[in-house]
Amino acid sequence: QEQLVESGGGLVQAGGSLRLSCTASGRSFTRAVMGWFRQAPGKEREFVAAITWSGGRTSYADSVKGRFTISRDNANTVYLRMDRLAPEDTAVYYCAASNSIALLTIQSLYDYWGQGTPVTVSS
């Protein structure tokens with residue numbers, strides 16, 4: 001059974017950094033795009049970043065551009081490096097997978113989701 005597992009979340013002070021990881025399991029798991037989304041308390045889930053497995057094309061939400069970096073360095077794991085974190089970045093962060101290589105920001109196109117890893121940024 002295909003599965004996505006996130007890790008790396010935690011508590012960090014404003015201005016600090018964290019690196020999230022997402023590992024895909026299952027021999028038949030193949031997706032063209034991996035993305036990160038987040039959901040803050042009382043708010044809807046929103047797009048954060050995405051990357052294509054082939055070519056490494058990336059996309060970022062305006063709110064994180066220049067601070068967050070998405071990457072992948074093997075066939076199973078993607079990362080989200082978060083720098084200069086602020087309290088408004090506090091949320092549960094979810095990893096997701098999509099086959100829609102042309103549209104990276106539309107969350108309805110992602111058909112596999114992890115359970116999420118919480119990130120709390122203190123002020």
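Remember, predicted model here, so these are calculated numbers, not experimental data. Each residue takes its place number in the sequence, starting with 1. As a basis for the values below, the full set of heavy atoms in this structure was taken, side chains included, without hydrogen atoms, waters or symmetry mates.
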Between L85 and L18, is there a side-chain heavy-atom distance shorter than 4.5 Å? yes
Could you measure the distance from the CG atom of L80 to the CE atom of M34? Nearest 0.5 Å is fine. 12.0 Å
For the residue pair G8 and T117, what are the closest heavy atoms and their distance? N-OG1, 4.2 Å
Counting only heavy atoms not in E46 (residues, nucleotides, ligands), do more than 12 fall under 6.0 Å from its CD? yes
Parallel, tilted or perpendicular, judged at 30° and 60°: which one describes the rings of F37 and W113? tilted
Taking a hydrophobic cluster as the set of Ile, Leu, Val, Met, Phe, Trp and Tyr residues connected by side-chain heavy atoms closer than 4.5 Å, whether directly or through intermediates, do Y110 and L20 fall within one such cluster? no
Applying the 4.5 Å side-chain criterion to the ILVMFWY set and letting contacts propagate, would L4 and W53 be lumped into a single cluster? yes
Can you tell me if Q107 uses its side chain to pair, donor with acceptor, with the backbone of R45 under 3.5 Å? yes
What about the rings of F68 and W36, do their centers lie closer together than 6.0 Å? no
Answer whether the closest heavy-atom distance between the side chains of I70 and Y79 falls below 4.5 Å. no
Within one Ile-Leu-Val-Met-Phe-Trp-Tyr cluster: V119 and Y94, side-chain cutoff 4.5 Å: no
Candidate pair Y60 and T69, rule side-chain contact (heavy atoms from CB on, under 4.5 Å), full reasoning: CA-CA 8 Å; Y60 296 93; T69 303; 3.9 Å; yes
Kindly state each residue pair satisfying side-chain hydrogen bond (donor to acceptor under 3.5 Å, both in side chains) with at least one member in residues 82-91, sequence neighbours excluded. S17-D83, R38-D89, R67-D89, R81-D83
Should V48 and L109 be regarded as members of a common hydrophobic cluster, given that ILVMFWY residues are connected when their side-chain heavy atoms come within less than 4.5 Å of each other, either directly or indirectly? no
Which atom of A50 lies closest to which atom of V33, heavy atoms considered: CB-CG1, 4.2 Å
Is there a donor-acceptor pair under 3.5 Å between the side chain of E6 and the backbone N or O of Q115? yes
Non-hydrogen side-chain atoms of Y93 and M82 separated by less than 4.5 Å: yes
Keeping the roles fixed (side chain from N76, backbone from T23), state whether a donor-acceptor pair exists under 3.5 Å. no
S100 side chain vs A102 backbone, donor-acceptor pair below 3.5 Å: no
Would F47 and I106 count as a side-chain contact (heavy atoms from CB on, under 4.5 Å) here? Give the steps. CA-CA 8 Å; F47 171 79; I106 309 301; over 6 Å; no
Which residues pass the side-chain contact (heavy atoms from CB on, under 4.5 Å) test with K43, not counting sequence neighbours? A40
Single-linkage hydrophobic cluster L104~V64, side-chain heavy atoms < 4.5 angstrom: no
